[in-house]
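Encoded as structure tokens, the structure appears first; notes follow it.
The analysis underlying the following values was restricted to heavy atoms, covering all of them including side chains, and did not include hydrogens, waters or symmetry mates.
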Amino acid sequence: MPYRQLPATDAARGSALTAALKKSTGLPAADNLMTPETTAALVTFAPQWEKEITERADALGQQTAATAALDQAGAKLRQVTAHFIQVFHLAVARGTFSPSGRASFGLDVNEETTPALDSESDLLLWADRIVKGDPRRVTNFSEPAMVMPSAAEVSTALTAYNTELAHQTAAKDTLEAEQADVIALRSGADSLIRDAWDEIEFSLRKLDPPNLRRRSREWGLFYVLRPGEPAETTTPEPPAPQA
């Protein structure tokens, strides 16, 4: 025999609340399978639930967009930072810059490779060292500034990245707050749905079980078949009397 299954996801909770509210709207009291108290609670709670779900969805969209923008800014910063160090090493090999200039960026003077830039902390560290280090190198070693890319280009990319990072952090905080609002309503949603479903099934208790479940489904109740159990059939309703 199929058994009733209460919602386990927020989407299912929303569907249950909406179905019961929609079915009861406009019905005479005698035809409403729920008590006036539960119906009134649905009228108040269902829109509040939908509002919080919508706000969470909007926050998720904004956080997703902010993350994509941050990833794009990070790729640009990673590229220009890596290119700066690679080009600097090439210039050292050509004799344009002295190996000692590497110390201005926190590199070993004999280092000829590009440091790892995979993590955010490493990326920010080396970009900042370039922005601050190249002017010192120019002063300390009386050498020309780096070009293609320049420290100014790295600085521009770093500023853009930090801007997007701030946006993404704010969007993440907003999403977490909206998620907390939904979580705070879940127990209330579950209790209200359980009350509504209990009342609906009680109102239909005189029907045979298959027809009880058929009518209950019209109000949003959900039933699950056990493994290997065939779909149930219901007794057809009598035809409406002819006028």
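- With salt bridges taken as basic N to acidic carboxylate O contacts below 4.0 Å, none links Arg56 and Glu52.
- Within the 4.5 Å cutoff, side-chain heavy atoms of Asp208 are placed close to those of Asn211.
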Identify all side-chain donor-acceptor contacts of residues 22-30 below 3.5 Å with residues at least two apart in sequence or on another chain.
unit_1: Ser24; atom_1: OG; unit_2: Ala20; atom_2: O; d: 3.1
unit_1: Ser24; atom_1: OG; unit_2: Leu21; atom_2: O; d: 3.0
unit_1: Thr25; atom_1: OG1; unit_2: Leu21; atom_2: O; d: 2.6

Mind listing the side-chain donor-acceptor pairs of residues 123-131 below 3.5 Å, one per line with the distance, residues two or more places apart or on another chain?
unit_1: Asp128; atom_1: OD2; unit_2: Lys132; atom_2: NZ; d: 3.3

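- For the residue pair Gln63 and Thr174, no side-chain donor N or O sits within less than 3.5 Å of a side-chain acceptor on the partner.
- Using a 4.5 Å heavy-atom threshold, the side chains of Pro2 and Val224 count as separate.
- Taken together through direct or relayed side-chain contacts under 4.5 Å among Ile, Leu, Val, Met, Phe, Trp and Tyr, Leu117 and Leu90 form parts of separate hydrophobic clusters.
- Atom CD in Glu218 sits 10.5 Å away from atom CD1 in Ile200 (nearest 0.5 Å).
- Residue pairs meeting the ring pair (Phe, Tyr, Trp, His ring centres under 6.0 Å) criterion with at least one partner in residues 199-229, sequence neighbours excluded, are absent.
- Inspection of the Gln72 and Tyr161 side chains reveals no N or O donor paired with an N or O acceptor under 3.5 Å.
- Cluster membership check: Val154 does not share its hydrophobic cluster with Met148, using side-chain heavy-atom separations under 4.5 Å among Ile, Leu, Val, Met, Phe, Trp and Tyr.
- Cluster annotation: Phe141 and Ile85 are assigned to distinct hydrophobic clusters (Ile/Leu/Val/Met/Phe/Trp/Tyr, side-chain heavy-atom contacts under 4.5 Å, transitive).
- Side-chain contact annotation: Ser121 with Ser119, donor-acceptor N/O pair under 3.5 Å present.
- Between the side chain of Thr38 and the backbone N or O of Met34, no donor-acceptor pair lies under 3.5 Å.
- Residue Gln62 holds its CD atom at 11.5 Å from OG1 of Thr67, rounded to the nearest 0.5 Å.
- Pro115 places a side-chain heavy atom less than 4.5 Å from the side chain of Leu107.
- Note that the CD atom of Glu164 and the CG atom of Leu77 stand 12.0 Å from one another [nearest 0.5 Å].
- With a 6.0 Å radius and a threshold of 12 heavy atoms from other residues, nucleotides or ligands, Glu176 has its CD atom above the threshold.
- Arg137 places no side-chain N or O within donor-acceptor distance of the main-chain N or O of Ser104, the cut-off being under 3.5 Å.
- Of the charged side-chain nitrogens involved, none lies within less than 4.0 Å of a carboxylate oxygen, so that Lys51 and Asp181 do not count as a salt-bridged pair.
- One distance of note links CZ of Arg215 with CG of Leu221; it measures 12.0 Å at 0.5 Å rounding.
- Between Trp49 atom CH2 and Ile193 atom CD1 the span is 7.5 Å, to the nearest 0.5 Å.
- Between Arg4 and Glu201 there is a salt bridge, since a side-chain N of the basic residue sits under 4.0 Å from a carboxylate O of the acidic one.
- Checking Asn110, Asp108, Val92 one by one against Arg102, the side chain to side chain contact (heavy atoms under 4.5 Å, CB included) holds for a single residue, Val92.
- The side-chain hydrogen bond (donor to acceptor under 3.5 Å, both in side chains) test applied to Thr39 returns Asn32, not counting sequence neighbours.
- The pair Asp10-Arg186 meets the salt-bridge criterion, with a side-chain N (NZ, NE, NH1 or NH2) lying under 4.0 Å from an Asp/Glu carboxylate O.
- Residue pairs meeting the ring pair (Phe, Tyr, Trp, His ring centres under 6.0 Å) criterion with at least one member in residues 50-96, sequence neighbours excluded: Phe84-Phe105, Phe88-Phe97, Phe88-Phe105.
- Taking the side-chain hydrogen bond (donor to acceptor under 3.5 Å, both in side chains) definition, one finds that Glu111 meets it with Thr113, sequence neighbours left out.
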